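As the structure is a computational prediction, the values presented were derived from the model and not from experiment. Remember, it's 1-based here, ligands and their atoms both numbered in the order they're listed.
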Amino acid sequence: MPAQTQQTAPKQPRALKHAVELIRRPSVTPEDGGCQDYIESVLSPLGFKRTRVDCGEVYNSIYTRLGEENGILAYAGHTDVVPTGPEAQWPHPPFAATVEGNVLYGRGAQDMKAGIACWMAALETCLAKANSHLPDLQLLITSDEEGASVDGTIRLVEYMQEHGKLPDAAIVGEPSSAEHVGDTVRRGRRGVVHVYLNIHGKQGHSAYPQDAENAIHHAVEAAHAIMHIDWGMPTPGFPPTSCQFTQMNSGEGASNVIPGQAAAFADIRYNPALNFEQICQRIKSACPMSDIVNLDIRHEAAAFHTPDGPLLDLVCDSIRRITGIETRRDTGGGTSDGRFLASAGIPVVELGLTNDTIHQIGERVATAELDELTRIYTDIITHFEGPTCL
Ligand SMILES: [Zn+2]
């Protein structure tokens, strides 16, 4: 059956309809492709007001609906997607949003247009109920999550801080689930520190080392010292701090020349038991700066950790009610925009679809997942009781 016929079938669930609409608006980062306009077209009849907080070429929108109960519940997500890779290798064109069998194909199917679609459908369900008493609801949507992440969610958080509108809690819709929707939520992420080492020795003949200063030898010693730093006890529930050298470059292209210059780069993923200042201190005491060794240490992303408490309980209870699953409260993976919300003091939990094909050629999601996630989101919105429960 042609995809078009299925997608316009009258019984198509709302989440699937929204997911198809969003995927059909190509939006490789930092493009938005009209996705945020589409979200507005769905939410504005429900009483949401859109505020644009665009920054440079990045599209940022806050959709707000004032509620009848206390508290502000936010949902954060992104409309940008990663590039498709070779389109000819896709089983269906990446922006066609083809439904074949019970599977939706397309860039953003898991990460994370279909997740946003589920939250939109959940809002429609909640607001269709008579006598529904809901908190203030916010959607914080950016087109800069897959790129540099410098003009996206962080700008939305700054705007809300300036206007006194920070939410009491935030659900980030990144695809957190492993095998079944809701089997895993993320309640924190490690932070990222980058270390650039530049070594300035003295070039010379390898048969006359007394007249040279070997930059490679200094680079290896410095890397060795940094690699073996004791980072201490990790925060329970988090992977330990890890330091990986991912680049080391030197050499003059000749076998008999001692190089005078070398460069190395380390990517540190740090556990929230540490902070940036402590990391800098330990690196500098393990590898002191000198005329030869120059260190440039940069804080790329802050770690965050939402402690056990009412928000995590609310999310896990909703998952259990809908699916029967006992959720794993995980802290794995790379960084996410959750860090910007958490650094403003907002409790953050990431809950979304499965993630086994994110960023891959042929990204796809089972349509049943959309139904399940929509029901979980609906349950969370319905049971959110405002700041008193947090
Ligand atoms: Zn994502």
Count the heavy atoms of every other residue, nucleotide or ligand shown that sit under 6.0 Å from CD of Glu300, and state whether that count exceeds 12.
-> yes

Total protein N/O/S atoms whose distance from the Zn ion (ligand 1) is less than 2.8 Å =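 Under the 2.8 Å cut-off, the count stands at 4.
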
Going from OG on Ser176 to CG on Asp183, what distance comes out if it is rounded to the nearest 0.5 angstrom?
->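 The OG atom of Ser176 sits 7.5 Å away from the CG atom of Asp183.
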
Sequence neighbours left out, what passes side-chain contact (heavy atoms from CB on, under 4.5 Å) with Gln278? Give chain and number order.
-> Leu274, Asn275

Is there a side-chain contact between Glu100 and Arg364 (heavy atoms, below 4.5 Å)?
->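 Contact flag for Glu100/Arg364 side chains = no.
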
Shortest non-hydrogen contact between Thr331 and Pro239, atoms and distance = OG1-CD, 3.3 Å

Quick one: is the NZ or CZ of Arg190 closer than 6.0 Å to the six-membered ring centre of Phe238, and within 45° of its axis?
->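 No - Arg190 does not lie over the ring of Phe238 by the 6.0 Å and 45° rule.
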
